[in-house]
Amino acid sequence: MSEIVSQPRYLLGLYAVTEREVLKFMRQRERLISAVVRPSLWLFIFATGLQNLLGISIIEPYQTYTPYQEYILPGLCGIIVLFQCMQSALSMVYDREAGVMRVMLVSPLPRSFLLFAKILGATILAAVQIYVFLGLAALFGFYMTAIGMLYILPAIFLTGLMLGSIGLIISVYARQIENFAGMMNFVIFPMFFMSTALYPLWKLRESGAEALFWIATFNPFTHGIELIRFAAYGQFNAVSAAVVAGVTIAAFGIAAWGYDPARGSIGRIKRG
């Protein structure tokens, strides 16, 4: 009976945290512009310049020769999720500095639930930004099918929860916002460039970059990209789904432990 009574409280808490994320985003419309401009530059400038060099031959999930711009669309969706989730984690450091997080974490809801609501809100914002970007790309002739755009939604959410959980781990050990910005650069760019966002794995091996091939193979961001890529063509990549789900559970567990002041590292971190 108590569980039934408490369910509205959980839903209210989930709504309150996600609504705060959305309202913050709405007040900072330049974030939407930057989130769309960043992948658009890759698509309309970088990909256009290299389309004759990096056309993709027939590999899964593609059934025909694929233009390079079409290949990198899922990767650019992934980078939107990556930046949004890391920015959300950055806001955790800011909230800790400003004392907002202390107010949020003293609520009667479990700490882990509030952390989950935080990364869920970031994932929802990432999904909105992705569909705005895909709409812009479609105007220039680079698009996914309508059913593919529907299928990628679960893949986006699972990838967002994974990247948000990784961002929470980083935020535990960042004492100040300035430190977190530096730590982000050691996470975002290696994860992005050493993945299949811009080129398939076989091209890495073909070019002799064996070490980079294996790093990209074990990069969880690679599996998030491939999950989105396969979903865009109505296919399910079971290996990537298992990796993303496993990393999400492990990373979120570590983050929840780190944010526990009685056991984790958050209690030992003081404002510098």
> Got a donor-acceptor contact below 3.5 angstrom from the His223 side chain to the Ala245 backbone?
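Flag not set: sc His223 to bb Ala245 has no pair under 3.5 Å.
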> When rounded to the nearest 0.5 angstrom, what distance separates CG in Leu161 from CD1 in Ile166?
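Rounded to the nearest 0.5 Å, the CG-CD1 separation comes to 11.5 Å.
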> Treating Thr222 as the side-chain partner and Ala216 as the backbone partner, does any N or O pair qualify as donor plus acceptor under 3.5 Å?
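Yes: the side chain of Thr222 pairs with the backbone of Ala216.
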> Which of parallel (below 30°), tilted (30 to 60°) and perpendicular (above 60°) describes Phe142 and Phe44?
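The arrangement is tilted - the two ring planes meet at 30° to 60°.
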> Phe140, Leu73: one ILVMFWY side-chain cluster at the under-4.5 Å cut-off?
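Yes, same cluster.
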> Counting only heavy atoms from other residues, nucleotides and ligands, does the tally under 6.0 Å from CZ of Phe213 exceed 12?
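Atom CZ in Phe213 is crowded, with more than 12 foreign heavy atoms closer than 6.0 Å.
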> Can you tell me how far apart NZ (Lys118) and OG (Ser165) are? Round to the nearest 0.5 Å.
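OG of Ser165 is found 13.5 Å from NZ of Lys118.
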> Evaluate side chain to side chain contact (heavy atoms under 4.5 Å, CB included) for Val81 paired with Cys77, printing each intermediate quantity in order.
CA-CA 7 Å; Val81 181; Cys77 292; 5.8 Å; no
> Give me the atom names and distance for the closest heavy-atom approach of Gly160 to Cys85.
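Heavy atoms of Gly160 and Cys85 come nearest at O-SG, 3.4 Å.
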> Hey, could you give me the CG/OG distance between Leu158 and Ser240, rounded to the nearest 0.5 Å?
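If we round to the nearest 0.5 Å, Leu158:CG and Ser240:OG are 10.5 Å apart.
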> I'd like to know if the side chain of Ser195 reaches the main chain of Phe192, judged simply by a donor and an acceptor atom lying under 3.5 Å from each other, with no hydrogens or angles considered.
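Pair found, side chain donor or acceptor close to backbone of Phe192.
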> Tell me, please, whether Tyr71 has Arg229 positioned over its six-membered ring: NZ or CZ under 6.0 Å from the ring centre and within 45 degrees of its axis?
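The answer is yes, since Arg229 meets both limits relative to Tyr71.
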> Out of Phe157, Tyr233, Tyr131, which one pairs with Ile152 under the side chain to side chain contact (heavy atoms under 4.5 Å, CB included) rule?
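Going through Phe157, Tyr233, Tyr131 one by one, the side chain to side chain contact (heavy atoms under 4.5 Å, CB included) with Ile152 is satisfied by Tyr131 alone.
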> Taking the side chain from Tyr68 and the backbone from Tyr199, do they hold a donor-acceptor pair closer than 3.5 Å?
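Not at all, since once roles are kept as given, no pair shorter than 3.5 Å links the two residues.
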> Restricting to non-hydrogen atoms, name the atom on Tyr151 and the atom on Gly234 that form the minimum distance, rounded to 0.1 Å.
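It is CD1-CA, 3.5 Å.
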> Would you compute the distance between atom OG1 of Thr159 and atom CD1 of Ile225 and round it to the nearest 0.5 angstrom?
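Here the rounded value is 7.0 Å.
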> Is any side-chain heavy atom of Leu134 closer than 4.5 Å to one of Ile130?
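Yes, close enough: below the 4.5 Å cut-off.
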> Give, for atom CG of Leu153 and atom CD1 of Ile228, the distance between the pair rounded to the nearest 0.5 Å.
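Between atom CG of Leu153 and atom CD1 of Ile228 there are 10.5 Å.
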> Grab the two heavy atoms, one from Ile79 and one from Leu76, that are nearest each other, plus how far apart they are.
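Closest heavy-atom pair between Ile79 and Leu76: CG2-O, 3.0 Å.
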> Are Trp42 and Phe189 connected in a single hydrophobic cluster, I mean Ile/Leu/Val/Met/Phe/Trp/Tyr linked by side-chain heavy atoms less than 4.5 Å apart?
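Result: yes, single cluster for both.
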> For Met86 and Val187, work out which heavy atoms get closest and say how close.
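Shortest heavy-atom separation between Met86 and Val187 comes out as CE-CG1, 3.8 Å.
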> Distance from Ile124 atom CD1 to Ser88 atom OG, nearest 0.5 Å?
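Separation between the atoms: 11.0 Å.
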> Is there side-chain contact between Ser40 and Val36, with heavy atoms separated by less than 4.5 Å?
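Yes - at least one pair of side-chain heavy atoms lies under 4.5 Å apart.
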> Cluster question for you: counting only ILVMFWY and a side-chain heavy-atom cut-off of under 4.5 Å, with indirect links fine, are Ile249 and Met162 together?
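Per the 4.5 Å side-chain linkage, Ile249 and Met162 are not co-clustered.
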> With the 4.5 Å side-chain cut-off for hydrophobic clustering, are Leu136 and Tyr143 part of the same group?
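No, Leu136 and Tyr143 fall in different hydrophobic clusters.
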> Between Asn237 and Phe230 (side chain of the first, backbone of the second, donor and acceptor by atom type, cut-off under 3.5 Å), is there such a pair?
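Not at all, since once roles are kept as given, no pair shorter than 3.5 Å links the two residues.
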> Hey, what's the ring geometry for Phe116 with Phe252, parallel, tilted or perpendicular (30° and 60° as the breaks)?
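Perpendicular.
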> Of all heavy-atom pairs between Met144 and Ala232, which one has the smallest distance, and what is that distance?
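The answer is SD-CB, 3.8 Å.
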